[in-house]
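Following: one structure in structure tokens, then a few remarks.
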Amino acid sequence: MSDILKRVSDIGIIPVIAFNSVEEAVPLCKALVAGGLPAAEVTFRTACAEDCIRIINQEVPDMLLGAGTVLTVDQADRAMAAGAKFIVAPGYDPKVTQHVIDNGCIMVPGTATPGEMQQAMNQGCEVLKFFPAEANGGVAMLKNIGAALKSAKWMCTGGVSAKNVNDYLGYDQIVAVGGTWMCKSELIKAGRWDETSALCKEAVRTMLGFELAHVGVNCEDEGEAEATAKALCALFGLDYKAGNSSIFAGKAVECMKKPGRGKNGHIAIGTNSVDRAVYHLGRQGVEFLEESRMVDAKGRTKAIYLKQELSGFALHLVQK
């Protein structure tokens, strides 16, 4: 996957914006960046779209900008000249798709059927837009199609909201979703940028879904780990589960057979996507121990430690 599409995947939620004026462009995008969503699909449904993309590129360089609702070669040329890093269309037009690819830009064509998807993939599109997602059967439809098109990757828009965002992002062939729920028109018109940032932060929290997974307790040896786990199980009726390096008392306490990271042990925080969590926490200045990264067969991170420790405990992200 290209670096741009990898960044789209890491961000996870791409706000879709139809600007009413150039004056809205910079303050809204600064609000998105402050809220943790440094990306946008600026739709060509309004006359100022091209100028908005151009001024955002100049004034808010942290933004990853795509152009949406691109229907013609002329619109694609204008969007690319203004600085759009990827082009999105509501449907699949082979001529426009090939023109964008030939000009070295990323094309994300709109598709709704396996036939369209297969043609777009064979033309060289790494990621496809599934639109309108909910009206076309949502995640259930894509899981059926994905069983046959195993290398297909989708960005889904149309009916995606805070209520179902994790249904979509929980399917590994969906790299991102596009939505408008964090960019409410009444807030934009009123210039209430702090409230827009707050909605973005809430969207990111919902997507990442942080929660306590377990606490690891450093024991001196296997005997102490066994005794500690058994005592907890006896006191609270927890299930005893022995592993190679630790023993669990229920799901919340892990007794280490020998001291591990952290003076006292570690705190494991579960998340819906470790890779997205690493990206979003990294934007806040959090650093990670790369040597601790564990990946699954598909190359996705399933666990990693932070460099930071708190009160003698190492901090550990784990995939839910």
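Every value quoted in this text rests on a predicted model; they were computed, and no experiment measured them.
Legend: side-chain hydrogen bond (donor to acceptor under 3.5 Å, both in side chains) pairs involving residues 199-222, not counting sequence neighbours, sorted by first then second residue: His214-Glu254, His214-His266. Applying the salt bridge (Lys or Arg N to Asp or Glu O under 4.0 Å) test to every pair with at least one member in residues 273-286, sequence neighbours left out, gives these pairs: Asp275-Arg293. The ring-ring contact (aromatic ring centres under 6.0 Å, His included) pairs that include a residue from residues 105-155 number zero, where partners must be two or more places apart or lie in different chains.
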Give the C-alpha distance, both sets of side-chain angles, the deciding distance and a yes or no for side chain to side chain contact (heavy atoms under 4.5 Å, CB included) between Asn164 and Glu134.
CA-CA 10 Å; Asn164 61 14; Glu134 281 292 279; 3.7 Å; yes
Could you walk me through whether Tyr279 and Val274 pass the side chain to side chain contact (heavy atoms under 4.5 Å, CB included) test, one step at a time?
CA-CA 9 Å; Tyr279 171 82; Val274 175; over 6 Å; no
So Val8 and Ile11, side chain to side chain contact (heavy atoms under 4.5 Å, CB included) or not? Walk me through it.
CA-CA 5 Å; Val8 167; Ile11 295 169; over 6 Å; no
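Counting heavy atoms from C-beta on, the side chains of Ile188 and Phe19 never come closer than 4.5 Å. You'll find the side chain of Tyr92 stays beyond 4.5 Å of the side chain of Met117, heavy atoms only. The closest side-chain heavy-atom distance from Ser311 to Asn264 is not below 4.5 Å. For the pair Val177 and Leu169, the minimum side-chain heavy-atom distance is below 4.5 Å.
In this view, Cys233 and Leu238, Tyr240, Ala249 satisfy the side-chain contact (heavy atoms from CB on, under 4.5 Å) rule, not counting sequence neighbours. In terms of the side-chain contact (heavy atoms from CB on, under 4.5 Å) criterion, residue partners of Gln284 (sequence neighbours excluded) are, by chain and number, Leu281. By the side-chain contact (heavy atoms from CB on, under 4.5 Å) test, Glu195 is found to be paired with Leu187, Arg192, residues two or more places apart in sequence or in another chain being considered.
Cluster annotation: Met63 is not connected to Leu37 through the hydrophobic network of ILVMFWY side chains, with a link wherever side-chain heavy atoms come within less than 4.5 Å. Both Leu128 and Ile13 are members of a single hydrophobic cluster when ILVMFWY side chains are connected at heavy-atom separations under 4.5 Å.
Each of Asp77, Asp74, Thr72 was evaluated against His99; a single residue qualifies, Asp77, per the side chain to side chain donor-acceptor pair (under 3.5 Å) test.
Taking each heavy atom of Thr157 and Lys129 in turn, the nearest pair found is OG1-CE, 2.8 Å.
A donor atom on one side chain and an acceptor atom on the other are not found under 3.5 Å apart for Glu287 and Gln308.
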